[in-house]
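As a basis for the values below, the full set of heavy atoms in this structure was taken, side chains included, without hydrogen atoms, waters or symmetry mates. Residue numbers start from 1 in every chain, and the chains themselves are labelled A, B, ... in the order their sequence lines are given, proteins ahead of strands.
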Protein chains: 2
Amino acid sequence: MSKAYDVMAATCPSRTVLHRIGARWTIFVVVALADGPRRFTAIKTHIEGITPKVLTETLRALESDGLVRRDDFGGNPPHVEYSLTQLGRSLLVPLAAVREWAETHVPDILDAQSSRPAD
Amino acid sequence: MSKAYDVMAATCPSRTVLHRIGARWTIFVVVALADGPRRFTAIKTHIEGITPKVLTETLRALESDGLVRRDDFGGNPPHVEYSLTQLGRSLLVPLAAVREWAETHVPDILDAQSSRPAD
DNA sequence: GATACCGGTATCAAATCCATACTGTTGAGG
DNA sequence: CCTCAACAGTATGGATTTGATACCGGTATC
């Protein structure tokens, strides 16, 4: 079985995909939507420190990639819900693993940053 | 077992860690080193389109985080090898999954980008 | 002498990110 | 009526990151 796409090739579409995933806030947003739909403000509150501008951009990008769905319930005050699509949920699997890795290995990295490399 | 670190907390060190992982080229470099040590130029060639400046920065960052080791064999022409540390190899596991996801789901995303979102 | 190899730097422009303030609409409180 | 808050964002302008391109030193080879 040969691969149809190779992330290392400059012209491969998978490169674009990976860059999107690697965008600064993508992983946070996807993980934030892991437990179900959330409203804009809820996401913003949940992901501490994200600015509305960047959150909007990230959500729009994820939406156009088909990872996130935006449901506007209209009315007032505005009511918009964001949720992961099927595709988004499938991405959640590897991203949750990355998040877990990050939370698990914080001490190792803090350690490495403050000491001489040994390994 | 409760979590010691929470990526969603603005002040949590895991946030920094995750941002590093999410840095534009980190995943490419880590994956590029998956099969063993490589020299600077080899990495640069392998990851098409990365510039030397960015590669240097990424490698230095990964090195200071203890994910990559830099071995300088001196001599001339220069001979420097980069390899994953134990910690780096452990990160490879989730990152390889992300890479795989990217390569697998390219069609879905291209599709979503060109059509109206339907979920 | 000219050129290539290797592992990077230097320089400057462009894209992205961040902090902060502000918008429009409507309902509630006074 | 006037003011304020809630929600989902925009606008602005500056800081940070990224990227493109050129260049460096030392050796070996042509």
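With contacts defined as side-chain heavy-atom distances shorter than 4.5 Å, the pair B:V17/A:W101 qualifies.
Mapping A:A23 and A:N76 onto DNA chain C by nearest heavy atom places A:A23 closer to the 5' end of the strand. Heavy-atom distances to DNA chain D give each of A:H79 and A:H19 a nearest nucleotide, and the one nearer the 5′ end belongs to A:H79.
Atom CZ of B:F28 and atom P of D:dT18 are 13 Å apart (whole Å). Rounded to whole Å, atom P of D:dT18 lies 8 Å from atom NZ of B:K53. When rounded to the nearest whole Å, the span between CG of B:L55 and C1' of D:dA20 equals 15 Å. Rounded to whole angstrom, the span from the CG atom of A:L59 across to the P atom of D:dG9 amounts to 8 Å.
Listed for the B:T56 side chain is a donor-acceptor partner under 3.5 Å among the backbone atoms of B:P52.
Listed pair A:R60 / D:dG9 meets the phosphate criterion, a side-chain N or O lying under 4.0 Å from OP1 or OP2.
Look at B:D6 and A:R99 and you find a salt bridge, because one of the NZ, NE, NH1 or NH2 atoms lies within 4.0 Å of a carboxylate O, short of that distance.
Applying side chain to side chain contact (heavy atoms under 4.5 Å, CB included) to B:E103 and the options A:P13, A:S14, A:C12 leaves one that passes, A:S14.
With sequence neighbours left out, the side chain to side chain donor-acceptor pair (under 3.5 Å) criterion links B:W25 to no other residue.
Nucleotides of DNA chain C lying under 4.0 Å from heavy atoms of chain A occupy a range whose first and last members, 5' to 3', are C:dC17 to C:dT26.
Remark: A:R39, A:F40, A:T41, A:P52 in residues 37-52 of chain A come within less than 4.0 Å of DNA chain D through at least one heavy atom.
Atoms NE2 and CE, on A:H46 and B:M8 in that order, are 4.0 Å from each other to the nearest 0.5 Å. Distance CD1/B:I47 to CG/B:L33: 7.5 Å, rounded to 0.5 Å. B:Q86 CD to B:R69 CZ: the interatomic distance, rounded to the nearest 0.5 Å, is 11.0 Å. The distance from atom CZ of B:F28 to atom CG of A:L18, rounded to the nearest 0.5 Å, is 4.0 Å.
Residue contacts shown for A:Y82 are limited to sugar-phosphate atoms, with no base heavy atom under 4.0 Å away.
The nucleotide whose nearest atom lies closest to any side-chain atom of B:W25 is, among D:dA8, D:dT18, D:dG9, D:dT18.
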